[in-house]
**Q** 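Dumping the structure here so I can ask a few things about it.
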Amino acid sequence: MSQTVDRALSILPLLAEGPADLGQVADRLGVHKSTALRLLRTLHEHGLVYRQSDQRYRLGARLFALAQEAMENLDVREIAHAHLTRLNEECGHTVHLAVYEENEVLYIDKVESRYPVRMYSRIGKPVAITVAAVAKLLLADLPENERRALAEKLDYPMYTSRSTPNPAAFLRELEKVREQGWATDLGGHEESINCVAAPIRGADGRVVAAMSVSAPNVVVTADELLTLLPLVRRTADAISGEYSGRTPVHHPEKDTV
């Protein structure tokens with residue numbers, strides 16, 4: 001039975017390359033045409049493949065519907081939280097998770113610093129969109145026309161002397177973030193607070209969320225915080241892998257005897 005399932009599932013990536021006829025499917029699987037036909041009929045009955053008028057098979061609409069439903073039901077916060085907690089335990093600083101929704105960047109999770117000096121950010125609260133590192137990552141992933149239109153609509157409050165002053169500067173910063181794949185806010189919102197952030201990507205490579213580590217100068221300097229960037233990026237990559245289904249879920253507690 002497991003071999004049958006394996007063969008049936010092997011048909012799907014084949015058809016993802018384009019329509020194929022019975023002979024091509026049989027050849028790829030290394031089976032007789034009658035065996036390939038039985039597998040294709042079963043997949044067809046479940047809507048996972050479709051038989052065209054030219055007798056070739058392609059992926060069925062049901063497969064795309066299932067994929068869309070699965071994506072809509074993914075909760076990036078639920079997937080990310082354990083990773084954020086481990087990162088916090090390792091570095092001790094405040095960790096945030098943010099998403100872009102309806103022209104706002106919102107914090108959807110936070111793990112508090114273990115140091116006495118705390119940040120006043122709250123889950124559900126919009127971030128300072130023109131300076132926050134997580135916002136730069138989320139907006140940098142937008143198509144260029146959307147980035148430009150949004151940049152022109154935003155206000156640019158000068159929270160500090162390091163705040164982003166205007167649309168042109170903001171667009172330059174977003175382009176830099178797109179190229180390097182990470183972002184910072186070094187005193188742009190509050191003089192005494194620095195932040196490094198990395199993107200969380202879905203299966204299609206688009207940025208679905210952004211995570212960051214933030215700390216005040218009295219705890220670590222900006223240069224010291226930047227040394228955590230590789231750790232932050234590895235954490236974001238781990239969340240991306242689990243969110244997109246590229247890597248299996250890892251349960252450290254099951255590795256101990």
Side-chain angles (χ1 to χ4, degrees), residues 1-80 83 99-103 137-150 174-175 177-182 198-211 233-234 236-251:
M1 180 60 70
S2 61
Q3 185 182 47
T4 301
V5 173
D6 181 70
R7 285 172 172 169
L9 293 177
S10 297
I11 292 173
L12 301 180
L14 165 62
L15 298 186
E17 299 171 8
D21 60 28
L22 178 61
Q24 290 172 313
V25 174
D27 289 344
R28 178 68 72 90
L29 297 181
V31 299
H32 193 273
K33 284 186 178 181
S34 61
T35 300
L37 182 59
R38 286 197 301 272
L39 296 171
L40 285 164
R41 281 176 174 169
T42 300
L43 292 172
H44 183 271
E45 288 171 4
H46 289 273
L48 302 182
V49 305
Y50 178 78
R51 188 180 182 184
Q52 301 179 158
S53 58
D54 62 2
Q55 308 308 307
R56 293 190 301 166
Y57 294 86
R58 61 171 171 80
L59 294 179
R62 176 62 177 155
L63 185 65
F64 298 105
L66 288 171
Q68 182 63 33
E69 186 177 353
M71 287 301 297
E72 290 175 353
N73 288 326
L74 278 177
D75 184 345
V76 68
R77 181 183 182 276
E78 181 179 344
I79 291 170
H83 296 274
V99 296
Y100 179 56
E101 289 184 356
E102 299 180 0
N103 297 321
L137 285 165
L138 291 160
L139 300 182
D141 193 61
L142 295 175
E144 183 177 1
N145 61 325
E146 291 184 35
R147 294 201 306 272
R148 292 189 174 279
L150 180 63
L174 295 186
E175 187 59 36
V177 167
R178 280 177 69 88
E179 292 176 1
Q180 67 189 17
W182 49 274
I200 295 166
R201 300 181 184 274
D204 59 357
R206 297 297 304 274
V207 177
V208 297
M211 56 156 297
R233 297 185 75 181
R234 284 197 299 273
D237 288 345
I239 298 169
S240 299
E242 189 173 329
Y243 181 83
S244 64
R246 293 194 305 269
T247 56
V249 179
H250 179 59
H251 299 286

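Numbers for residues simply follow the sequence, beginning at 1. Just the heavy atoms: all of them, side chains too, but no hydrogens, waters or symmetry mates, feed the values below.
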**Q** Are any of the side-chain heavy atoms of W182 and R233 separated by less than 4.5 Å?
**A**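 Yes, their side chains come closer than 4.5 Å.
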**Q** Measure the spacing between CD1 of I200 and NE2 of H83 and express it to the nearest 0.5 Å.
**A**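 The distance works out to 9.0 Å.
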**Q** Is there side-chain contact between L37 and R41, with heavy atoms separated by less than 4.5 Å?
**A**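 Yes - at least one pair of side-chain heavy atoms lies under 4.5 Å apart.
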**Q** What residue among D141, D237, I239 forms side-chain contact (heavy atoms from CB on, under 4.5 Å) with R201?
**A**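 Filter result, single survivor: D141.
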**Q** Take a 6.0 Å sphere around CZ of R58 and say whether it holds more than 12 heavy atoms from other residues, nucleotides or ligands.
**A**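 Enclosed: over 12 neighbouring heavy atoms sit under 6.0 Å from CZ of R58.
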**Q** Quick check against the 3.5 Å criterion: does T35 have a side-chain atom that pairs as donor or acceptor with the backbone of V31?
**A**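 A pair under 3.5 Å: no.
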**Q** Do L59 and L48 have side chains that approach each other closer than 4.5 Å (heavy atoms only, starting at C-beta)?
**A**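 The answer is no, as the side chains (C-beta and beyond) never meet within the 4.5 Å cut-off.
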**Q** Grab the two heavy atoms, one from K33 and one from G23, that are nearest each other, plus how far apart they are.
**A**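 Closest approach of K33 to G23, heavy atoms only: CE-CA, 3.8 Å.
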**Q** With a 4.0 Å cut-off, would you call R56 and D54 a salt bridge?
**A**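 Yes, this pair counts.
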**Q** Side chains of T42 and T4, heavy atoms from C-beta outward: is any pair under 4.5 Å?
**A**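 No, every pair of side-chain atoms sits at 4.5 Å or beyond.
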**Q** To the closest 0.5 Å, what do you measure between CG (L150) and CG (N145)?
**A**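 Going from CG on L150 over to CG on N145, the span is 11.0 Å.
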**Q** Evaluate whether atom CD of Q55 has more than 12 neighbouring non-hydrogen atoms of other residues, nucleotides or ligands under 6.0 angstrom away.
**A**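 More than 12 heavy atoms, drawn from other residues, nucleotides or ligands, come within 6.0 Å of this atom.
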**Q** Give me the atom names and distance for the closest heavy-atom approach of G202 to S244.
**A**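 Nearest heavy atoms, G202 then S244: C-CB, 3.8 Å.
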**Q** I need the L39 CG to S34 OG distance, nearest 0.5 Å.
**A**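 Going from CG on L39 over to OG on S34, the span is 9.5 Å.
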**Q** Considering non-hydrogen atoms only, spot the tightest contact between V99 and A209 and give its length.
**A**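 Result for this residue pair: CG1-CB, 3.9 Å.
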**Q** Can you check whether L12 reaches V49 side chain to side chain, under 4.5 Å on heavy atoms?
**A**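 In contact.
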**Q** Looking at every non-hydrogen atom in both residues, tell me the closest pair between P199 and S240 and how far apart they are.
**A**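 Shortest heavy-atom separation between P199 and S240 comes out as O-OG, 3.9 Å.
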**Q** Are R28 and Q24 linked by a side-chain donor-acceptor pair shorter than 3.5 Å?
**A**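 Result is no, nothing qualifies.
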**Q** Could you tell me whether the side chain of Y57 reaches within less than 4.5 Å of the side chain of L43, counting heavy atoms only?
**A**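 Heavy-atom side-chain distance check fails, nothing below 4.5 Å.
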**Q** Do you know the tightest heavy-atom contact between R178 and A140?
**A**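 Smallest heavy-atom distance, with atoms named: NH1-O, 2.6 Å.
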**Q** Is the shortest side-chain N to carboxylate O distance from R148 to E144 below 4.0 Å?
**A**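 A salt bridge is present here (some side-chain N lies under 4.0 Å from a carboxylate O).
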**Q** Which value, rounded to the nearest 0.5 Å, describes the distance between D75 atom CG and Y243 atom OH?
**A**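 Answer rounded to 0.5 Å: 8.5 Å.
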**Q** Got a second to check how far R62's CZ is from H44's NE2, nearest 0.5 Å?
**A**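 R62 CZ to H44 NE2: 14.5 Å, rounded to 0.5 Å.
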